[in-house]
Amino acid sequence: MTAIYSCDTLNGSTDPLNSSEIIDYAAKLPGVSAVWLPSDISLTDPEQVSKKIQKNNIKRIVIAGNNAGMHKSFFSRAMVLAGNNPGDIILASFLEYGASHKNEVERAKAIVACAVYGVPFENAAVPEDLPLNPATLVIGGGIAGIQASLEIAASKNIVYLVEKSATIGGHMAMFDKTFPTLDCAACILTPKMVEIGQHEYIKLMTYSEVQEVKGVPGNYTVKILKKARRINPDTCTGCGTCAEKCPPKKPSEFDANTTLRRAAYIPFPQAVPNKYLIDASICTYLINGKCGACVKLCPVPGCINLDEKDEVVEINVGNIIIATGFKTFNATKFGQFGYGKYPNVLTSIELERLINAAGPTGGKIAKRVQDKKGNWVFTHESVYTPKSVAIIHCIGSRDVNYNKYCSKVCCMYSLKLAHLLKEKLPESEINEYYIDIRAYGKGYEEFYNRIKKEGVNIVRGRPAKVEQYGDELIVRCEDIEGKRIIEQKVDMVILAVGTEPRTDSAKIAEMLGITVDTYGWFKEFNYISDPVNTFSGGIAIAGACQGPKDIPDTVAQASAAASRVLQSIARNKIKNGIKSLSLEQIETKAKELSQILQE
Amino acid sequence: MSQRVNLNLKNELFLYGAKDWNQCFQCGNCTATCHTTENGFFFPRKTVRQVLMGLKKSLQINIDPWLCTYCGDCSKTCPRDANPAEMMMSIRRYLISVYDWTGISKLLYKSKKLEVASIFLLATIVMILYLLFTTFPSGAAARWIGPDGGALINKMAPWRRIHLGDWIMAAGLITLIVTNVFYMWYKIIYEDKSLKLGFIDYLRPISLLPKIFHPDKKYAKCDEKKLFLYWSLHLFLALSYALMFTIIVFFLGWFQTDNVYPIYHPQRFLGYISTIGLFVGIIYFYTNRTIKNMENSKYSHFTDWTFLILLFSTTLTGILLHFFRILGWPQLTYITYLLHLMVLVPMLTIEVPFSKWSHMIHRPFSLYFAYLKKLAIINHKIILNNCT
Amino acid sequence: MNQSPKIVAFLCNWCSYTGADLAGTSRMKYASNIRIIRIMCSGRVEPTFVLKAFKEGADGILICGCHPGDCHYHEGNYKCLRRFHLLQKYLVQMGIPIERLKLEWISASEGVEFAKLVNEFTETLKGLDPSQIKKTVETFS
Amino acid sequence: MEEIRIGVYICWCGTNIANLVDVENVSKEIQDLPNVVISRDYKYMCSDPGQDLIVQDIKEHNLNRVVVAACSPRMHEITFRRALEKSGLNPYLFEMANIREHDSWVHTNRNEATKKATDLIAAAVARVKWHEPLEKRSVDVNPATLIIGGGISGISAALEIANSDKQVYLIEKTGVLGGLVSNIDLTYPYLNSAKQVIDHKIIAVMNHPNITVYLNTVIDQVHGYVGNFETTIHTSSKEIKLSFGSVIVATGLKPFDVKKVINYGYGKLFNVITSIEFEKVLKSGIIITRDGRVPKDIAIIHCAGSRNEDYNAYCSRTCCMTALKFINQIKSALPETNIYDIYSDMRAFGKGCEELYSITSKRNVMFLTFDHRVNLPQIRQASYQDTCNLLIEFKEKFSGESIEVPADIVILMVGMEAHDDAKQVAHAVGVSMDGNRFFIERHPKLDPVATTTDGVYVVGTCQSPKDIPDSVSQARAAAARILATIQSGSVNVEVTTSVVNEKICCGCQTCIKVCPYTAISFKEDEKVSFVNEILCKGCGTCGSACPTGAIKCKHFTDLQILSEIEGLMSLQEV
């Protein structure tokens, strides 16, 4: 005899599913003799429950709900008191298989059914095989996308790598060094980028966006918008003549807006493809029909065509890997620290560029100062090197007013930045302000200890505000372990901004028919046992678009996603998504399996 | 000697109106935002810590909650919604009950019923006394209608008797207050052996006196700008109350009169001013607490409400009494007079020594003690890392 | 006394060369007199290499391999050790002070140790006079 | 022999090299060396334009040797070799001078560093003269895979590969599959049942047609090379010979032996238990002290044996979240219990973890902090009249007060350590270990699962502490590699092997004795040794042992190394 306890969730999801409907369904399942609601049971009194158990002579209990596990221990106690085996408690956790919204009632029912039959959901919910198109689409050209593409292409199968911006490389290309080994990001990444550019099985489509996805797993038809580069990548030699005379300027995305770029530009010298393009949004010719200097100057005839139009190409693929990555938290929201108000309050990503040899100051750390025209720019003059720098952790992370979650990487990259600053400015003083240091990975703790030894002064305590007096910034903070109030005068403040889902993540999810969580990170099939698959077959997620991740985890996950693709290629078939299964199908399968188990 | 931690202290504090601050993960944001914080002095975080760890001893001799200006900046920026500001207020209530040796305030704070009951009890007592010592409303009342048909209060309730009652009550209240303050001093200053204060040190803070009456300048630095209005009104209210208090306690004979003075006569316009002061203040605070537009009005303990209501009804009955008398409606006058006493007395006897109102005493004295502590530091160069 | 001794080092690819790289990636600082030659295994080091280096004017020679038992090729470093002892004998016979030849085990995780080793070895060599081997050879040939 | 035309390319590596090495001058100096046709410098040689530079020059100046002075060859040798290939030059006509890790990063004096760089490059130039074109040889891949360790990582990898219809041998030391995961009750952060996660995987593995499981089995030395390994395994009953194309090492790790921490008195105070033991308690469903009472106070101490120089310096990554999980479970089983959580830094970094942390902190728990480095908490028996079993004394970091915490049960969140037999495994499969006896991956970011030995992969917690999702991803990552190799059907094997010049060979057979791979055999009829180039790994021991110099170690010939030495010294001022 089985009893079902339908628990109310501890952290309520936005639109909870209608539990009554599920309960009615569950009550009808074979062997179910009792259905308990939170109102029936006082979760403080196991004796009462154990009596219930004995009265209805219950042998198994199924706990159904979003956080079923929260109540398991209570029931196992009750079971023991009733003289039963605590092992006979089965969790039907809706979250576990992504049934937390009201439109997922059917799956919730299926989960309960499997639990009642005592069959693991994975085993019962086995979709049928579909024919497979071996080609693969990878969305996003960051490290995750690059890794996944290379893994798949290594098996001599076609990969389409679609990247929104003009070059692949993503955030990693912007970094100077990577923690904890401190080898330069470029040295690790550029070879991979080069390989992508040269690989015969990888069709690289930069400056393009996925517009629509149709079809079924194993055979998707994807429309891709190829934005006009206006410079023919095949004939462009990358000489850069077009950029010389190109007047209009705009903050460079690659340099985190610390420098200006022209309309005819190349994202950065090592970009892949290493070809120039023209940004229509600021090109004088395209705005008011005059100029066109680049066309005259370009040594290759017919290479530049300012009137080129965007085109839409259509490709057919069997698998799709989403690796759209993340965006950094917008620090202007965080009023207290005066980002955007005070010129020398920088975000960590800006500092990365500042430290980088190819950055605005050629790797020199210098404050922003006002030039003749009165706008704030970084200088090479050594008089402006900061004497002291403050690095503030958890900007926009672990904060109910912004993002509740922890961004996972900030602690470590802050320590890294501290080290790099110390290396470049040995005599200046570096302060870190943190809540908890989260140095969790291989060699991270060692790195943390090393930074401490290097004389970076690491303070436990979250600063409340940054104020500017003259050209001096003052960070006010409590040094919790030192039991004092610090009012630190610094020349430069670095905000360790957290990571956020891409703004268009919801759009992509909707386009591909996958789900996002409350923050907008893509939801995986099962966080514990299947962290890369989604509920739609043939669509895997990799890297930071699933949640904050550091590079090693991202690379590993990207390869994992690739393995799913390779598996289907090896079988030359692909499993349909769980979504495709109806409740009945799952239930009947579960029934069969449970019979097999009994025999 | 290591203190034993205790999980139940914070649960006890919920009875004093605390919100859920278990969420606190000790980032130190509150301390850093707080403008009253100076080195060695006042860490909201530290107080929160004492509560979370249940360090009763340290908490009971903690002066910080009294120094808190309740601007609410900390609660606004708290990354975990742990409401440090509100907690300070709850601890104030807790401390009031700690200082109150009679233990009455503990009971009143912890149970709404008891509070209400005691109010009504006192009210009835007043009524009984009233019936005993005045002959109202026996038919004789008719005799005290003046030739012009107006009321003759002093005939019905001669001001000397009332005055006597005043003084008896005042005496009681003052003893309570004084003893509480003494107990406070004993806990905060005397028991803290690290403080070495000579007698002369106690006299130095005279310069501090004005501070006791107007809220200290640190508010200016708070981010919450509405506070200016808030505190000026608070001051206005306090002053008008003080005015009325002095008149009644010391000049009742002159104030409670049967002849009607012209409007410009101090007996009248002083009365009006304080009444307006009280009304404006009460209404402002009432609306604040209802629309919750500021951090410091977000959360209200029931004692906050009872106080407002009592004060309001006292003022109301008072002013009505006045108008009825002037309009010459004797019966109404006499009844309102009774009602007036029936709210006035409970308000004073409950609020002043045992409840919210005692902050009127504790706040200035805590400032005084805090100053003494600072002196002690300066004098004897002792590092007070636990100035609690 | 020799202010700038010249050191030739033979490092095995798997442990010692990696260790030396680690010293680099973690920015340890050591004397710049050393010149590193990469070989797959310390077992590859022939006496000829050492003697050649001396002949070409090296003041000191350093051989590094994986710690005993850690060899990527199981026992190459043991073979190296045996040769080393023989070679030492030979050096004595040739009148070359054996301090000039050094064999050390450096694992892939021992960047610090490597830096320390180099500095110490440089100090010992600074203690000795510049090697005369090259001159001698030239004069006799 | 054709005329030698060498191109030398010196990398700035941004400022990494250029900071300390005067790159322009060096390249000028090198220009004058014999056979050097062209010598250039560039900001990032490894980048696309950098490589194009080489390719073009090879075409224009028809170079036939290339030297790149940049970072460590372990980093980019492959990259540049590929560049040579692209321009139709044999990739082995290339040499790299390491002027970053071994020069600019480790020295302080610009002149010296520059001088050293010049020397190193000169040496490389001298060496590359004698380089010979070597032909890549590719061999077929054996599609079978050997997986060592039947924990969650091993199982996931096995299923991943087996589901693509490839044979898998799964070897488990103990008698059961499941590893550490099968010990635990619930998983964090969503408190799903670990049993439900692992069980159906185990069932699937057990009845999978493509997976052969060997329990109670240990493994011998693995012989062979990528694509064609072979070994013998020892089950309880018999010995079996297996041959397979790739190896996945997923041996996991073991809990730290907390007896070493004297302060905690584990073993003496019998209500002090480890997190592992507490998982069992939770599974049993009834939480009681060892003396059978329902606990009133439970204390949890983090970082037992982790983040402390005296024990393990590293962070074990999973303990913090496990502790939060425990709190929730205890609270649901015994709502009245007081829980004290004594931590140092709350490392709730994963997806959903910070949320679990805030949920937990709502449940009336006391969080206390201690210093994980010095004077750890002291646990002692409480007196009889006291209300609790044990007392924990320490200095609370946030309040600065020295406090005592009552407890009936103390749970020590023990960290993770490498297995004692990690070393044997490392040897058997030929992977290297770091200071903490964790297996070293080829590169933490470029290549987190492969190792320096081709065809051998390390996944899961045997390379560092990890939680389940990370282990699973890694397992799959390795699977991806292997599947890709199997798909492509063939792999390139070591070409820098040894060869015997049979004319000179005197047949002394010394080489056969020294070869660790039994790659050399003796031709009785011709009385000469010969090398099986498939088995040879190119360590070169035979070469240095050969008395007649008959054995040539390709790419590390005597000639090459000797001339490298010459080159090294050629520029030394006397």
Side-chain angles (χ1 to χ4, degrees), chain A residues 10-11 44 69-71 73-74 76-77 79-80 86 91 93 95-96 120 122-123 151 154-156 181 186 188 190-191 194 197 270 272 274 357 363 398 405-406 408 436-440 442 445-446 480-481 483 527-529 531 547 551-553 555-557 559-560 562-563 566-567 570-571, chain D residues 14-16 44 46-49 51 71 75-76 79 160 163-165 186-187 190-193 196-197 200 282 285-286 307 313-315 317 328-329 332-333 335 345-349 351 354-355 359 397-398 400 444-446 448 464 468-470 472-474 476-477 479-480 483-484 487-488:
Chain A
L10 255 168
N11 52 348
T44 51
M70 283 289 177
H71 307 290
S73 308
F74 170 79
S76 32
R77 180 132 182 273
M79 285 290 259
V80 173
L91 303 184
S93 167
L95 272 186
E96 188 174 5
E122 283 98 332
N123 297 20
E151 296 279 5
S155 71
K156 305 202 171 71
T181 48
I188 303 172
T190 36
V194 172
Q270 292 77 32
V272 174
N274 198 294
R398 304 186 66 191
Y405 56 83
C406 161
K408 198 172 179 178
D436 292 292
I437 284 286
R438 293 182 167 173
Y440 51 84
K442 189 177 191 177
E445 185 71 20
E446 291 84 338
I480 292 176
E481 284 164 21
K483 295 201 200 59
Y527 181 70
I528 296 302
S529 62
I551 297 169
D553 292 354
V555 172
Q557 214 205 359
S559 314
S563 88
L566 290 165
Q567 200 184 82
R571 293 169 56 244
Chain D
T15 53
N16 286 306
Y44 288 109
C46 55
S47 69
D48 212 353
Q51 296 188 37
C71 48
M75 190 109 167
H76 277 332
T79 320
E160 203 70 8
N163 287 339
S164 0
D165 308 332
L186 297 181
T187 62
Y190 301 123
L191 274 72
N192 298 333
S193 151
Q196 282 162 253
V197 169
H200 73 272
L282 286 172
I286 203 92
R307 303 186 63 195
Y314 56 85
C315 162
R317 190 164 185 171
N328 282 299
Q329 291 192 264
S332 76
D345 288 290
M346 189 55 77
R347 296 193 163 167
F349 52 83
K351 191 178 186 179
E354 186 69 22
E355 289 82 341
I359 291 173
K397 243 199 310 186
F398 282 167
K445 296 177 197 64
L446 280 170
S464 75
I468 301 173
D470 293 343
V472 172
S473 320
Q474 278 211 328
R476 295 220 172 125
L483 288 176
Q487 291 290 310
S488 58

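Numbers restart at 1 for each chain; the letters A, B, ... are given by sequence-line order, proteins then strands.
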Inset, instruction - Please check if the side chain of D:Asp48 supplies one atom and the backbone of A:Val272 the other of a donor-acceptor pair under 3.5 Å. - result: no
Legend entry - Interface residue of largest heavy-atom contact number with chain A, from D:Thr15, D:Asn192, D:Ile468, D:Ile286, under 4.5 Å: D:Asn192
Legend entry - Segment of D:Asn163 engaging chain A (4.5 angstrom heavy-atom cut-off): both
Inset, instruction - Would you confirm whether D:Arg476, through its side chain, and A:Gln557, through its main-chain N or O, come within 3.5 Å as a donor-acceptor pair? - result: no
Inset, instruction - Just give me the residue among A:Ala562, A:Ser73, A:Pro552, A:Gly69 that pairs up with chain D most often, heavy atom to heavy atom, under 4.5 Å. - result: A:Ser73
Inset, instruction - For A:Val194 and D:Cys46, work out which heavy atoms get closest and say how close. - result: CG2-O, 3.8 Å
Legend entry - Greatest number of heavy atom pairs closer than 4.5 Å to chain A - which of D:Gln51, D:Gln196, D:Glu354: D:Glu354
Inset, instruction - Please report the shortest heavy-atom distance between A:Gln567 and D:Ser164, naming the atom on each side. - result: CG-OG, 3.3 Å
Inset, instruction - Could you tell me whether D:Lys351 and A:Asp553 make a salt bridge, using a distance below 4.0 angstrom between a side-chain N and a carboxylate O? - result: no
Legend entry - Which portion of D:Thr79 sits near chain A, non-hydrogen atoms under 4.5 angstrom: side chain
Inset, instruction - Output all residues satisfying ring-ring contact (aromatic ring centres under 6.0 Å, His included) with A:Tyr527, sequence neighbours left out; order by chain, then residue number. - result: D:Tyr190
Legend entry - Nearest atoms (heavy-atom pairs only) where A:Pro531 meets D:Ser473: CG-OG, 3.8 Å
Legend entry - Side-chain touch D:Asn328/A:Met70, heavy atoms, less than 4.5 angstrom: yes
Inset, instruction - Select one option (side chain, backbone, both, neither) describing which atoms of A:Glu122 are under 4.5 Å from chain D's heavy atoms. - result: side chain
Legend entry - Part of D:Thr187 lying under 4.5 Å from any heavy atom of chain A: side chain
Legend entry - Option in A:Tyr440, A:Tyr405, A:Phe74 with maximal non-hydrogen atom pairs under 4.5 Å from chain D: A:Tyr440
Legend entry - Which portion of D:Pro469 sits near chain A, non-hydrogen atoms under 4.5 angstrom: both
Inset, instruction - Return the set of residues passing side-chain contact (heavy atoms from CB on, under 4.5 Å) with A:Glu481 (not counting sequence neighbours), or none when no residue passes. - result: A:Tyr434, A:Arg460, A:Asp479, D:Lys397
Inset, instruction - Would you mind telling me which of A:Lys442, A:Glu151, A:Met79, A:Glu446 has the largest number of heavy-atom pairs within less than 4.5 Å of chain D? - result: A:Lys442
Legend entry - Nearest atoms (heavy-atom pairs only) where A:Ser563 meets D:Glu160: OG-OE2, 2.8 Å
Inset, instruction - Please state whether the side chain, the backbone, both or neither of A:Lys156 comes within less than 4.5 Å of a heavy atom of chain D. - result: side chain
Inset, instruction - Drop me the distance from D:Leu282's CG to A:Ser76's OG, to the nearest 0.5 angstrom. - result: 8.0 Å
Legend entry - Residue pair D:Ala480 / A:Leu566: nearest heavy atoms and the distance that separates them: O-CD1, 3.3 Å
Legend entry - Minimum heavy-atom distance A:Ile437-D:Arg347, with the two atoms named: O-NE, 2.8 Å
